[in-house]
Amino acid sequence: MREIAHLVLVLGLICSLSAGALAYVRTSLAPRIEMQEDFYVRGPALERLFQQPAKELLTEKLTVPVGDQDYPVFYLRQDGEVTGLAVEAAGKGGYSGDIVIMIGLDPRSDRVLGVEIVSHSETPGLGAKVELASFRQQWTGLILDQPLALAGDGGGIDAITGATFSSRAMVEGSNQVVDLLRDHRQEILSLIEQRSADGATSGGES
Amino acid sequence: MNFRQTLTHGLWRDLPPFRLVLGLCPALAVTATAENGLGMGIAVTFVLIFSNMFISLLRKVIPDKVRIASYIVVIATLVVIVELAMKAFFFPLSQQLGIYIPLIVVNCIILGRAEAFASRNPVHLSMADGLSVGLGFSMSLTLVGSIREILGVGTWFGMAVFPDSFEPFGFMVQAPGAFLCLGLLLGLMNAWSRHRGEFFIQT
């Protein structure tokens, strides 16, 4: 009995010290990792979606909190009108974790400009095929006024063979964006207006 | 082993992965380019030095029955730290190495050195051992990566080494090329050792 208590104590101590160290490193590096992701992943994705230099697009960022989740939203503004929105969402139910996607759309028509993968940890050769343009182009041109579904679930998206979970996670992420647009459209647009107004009066923030 | 021997044994006598024949998975998987091989080697070296240090420090505290579990916790913690640091400072490299960075946790070299060396030796020797084996591993991976990149893509660390007329031997950067390259190097090293009358690999 004493021996077991000893084992548990030592292992428990090592684990809690490790957990503490990890928590510290994670919180202190999080802002830098976010910056790097913006630069290397979100920037190029935005460039492809909106065909504009990433440098300008990355500064036009706001965060929309819904429940306990934050949705990063990037936007494109032309002549006082929002002409492009890029919403990031973490699609639940991937084979190994969330698939973070970014959907670009034109808020005037809700037509999808394209979908990009921000991060995933799916199996190379199977689930990782969600990155393929041939799969992602199924989103282009869709109108996000109702939830999407895989063909096998009665919808219009053809899943990748052997990677139903990954495909479904992509659809799940897209549906989060559909919900967000349905419930929070006015909020997002007014946040953008507000930010642009602030930027105009203060002569543009860096 | 004295300090000097400990510091140099990983560079030839126990050179991983060729002599130890451990850690072959990353040696095959990430060595499509010299840069990836070097990056992987440095990540492993960092984990090795510090896992050896902590395990050596804790060797009298950790009970024998839970030693493997404790080692794995220490190693996994260090690997996640490396992964986060890589994402924060070398993002493109971390994207390239991808899943193989978290997989350092199950790299046999690290657990092997913890069990065979760090759990029985004082801290300074253990750290020297980690450095030595880690450097050896980095060298080997860079070598395999260089051969595959030069033949398979015609570049070395991204710089062109052949004129444009060179048709790259694309096979080398794919999985079979890794096996071929590693196998030939292993064979050459064994032939050289036999020629010199050294027998490191037990039969």
Side-chain angles (χ1 to χ4, degrees), chain A residues 1-45 54 58 94-97 99-100 116-131 166, chain B residues 25-26 28-30 32 36 43 46-47 50-51 53-103 105 114 118-119 174-175 178:
Chain A
M1 195 55 219
R2 268 184 63 88
E3 199 201 348
I4 292 184
H6 180 226
L7 296 183
V8 170
L9 185 75
V10 173
L11 201 51
L13 261 179
I14 294 177
C15 287
S16 28
L17 284 178
S18 298
L22 283 182
Y24 174 74
V25 172
R26 198 185 170 92
T27 39
S28 50
L29 287 183
R32 256 206 86 90
I33 294 178
E34 176 90 9
M35 246 172 60
Q36 297 265 312
E37 271 181 358
D38 271 358
F39 185 76
Y40 285 107
V41 183
R42 297 198 180 104
L58 279 173
Y95 193 72
S96 36
I99 301 184
V100 182
E116 297 278 345
I117 312 282
V118 176
S119 72
H120 74 85
S121 34
E122 301 303 291
T123 323
L126 280 172
K129 284 190 189 160
V130 293
E131 283 180 339
S166 317
Chain B
C25 168
L28 292 165
V30 303
N36 285 3
F46 175 86
V47 175
F50 287 96
S51 74
M53 181 184 97
F54 284 117
I55 286 161
S56 174
L57 279 172
L58 293 169
R59 70 188 189 280
K60 301 215 171 81
V61 187
I62 296 176
D64 225 28
K65 281 186 180 157
V66 291
R67 67 179 196 286
I68 301 288
S70 311
Y71 299 165
I72 291 288
V73 171
V74 171
I75 295 167
T77 309
L78 288 164
V79 169
V80 176
I81 291 175
V82 167
E83 190 190 0
L84 290 172
M86 226 175 205
K87 267 198 184 143
F89 300 103
F90 305 100
F91 194 82
L93 185 65
S94 87
Q95 293 290 92
Q96 294 252 311
L97 296 178
I99 185 71
Y100 295 101
I101 290 294
L103 278 180
V105 176
S119 61
Q174 286 162 4

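In this text, all values refer to a predicted model and were calculated from it rather than measured experimentally. All heavy atoms count here, side chains included; hydrogens, waters and symmetry mates do not.
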Tell me the closest heavy-atom pair linking A:Q36 and B:F91, and the distance in Å. OE1-CB, 3.1 Å

B:V61 versus A:L13: any side-chain heavy-atom pair under 4.5 Å? no

Cut-off 4.5 Å, heavy atoms of chain B, and the answer for A:E37 is both

Looking only at heavy atoms, which two atoms of A:I33 and B:L84 are closest? And how far apart? CD1-O, 3.7 Å

With rounding to the nearest 0.5 angstrom, report the NE2 to NZ distance, A:H6 to B:K65. 11.5 Å

Using heavy-atom distances under 4.5 Å, tell me whether B:I99 contacts chain A through its side chain, its backbone, both, or neither. neither

Which heavy atom of B:A88 sits nearest a heavy atom of A:L29, and at what distance? CB-CD2, 4.1 Å

Say you draw a straight line from OG of A:S18 to CD1 of B:I72; how long is it, rounded to the nearest 0.5 Å? 12.0 Å

Exceeds 12 heavy-atom contacts within 6.0 angstrom, atom CZ of B:F89: yes

To the nearest 0.5 Å, what is the distance between CG on B:L78 and CG on A:L22? 9.0 Å

Please find the pair of heavy atoms, one from A:V10 and one from B:P63, that lie closest to each other, and give the distance. CG1-CD, 3.6 Å

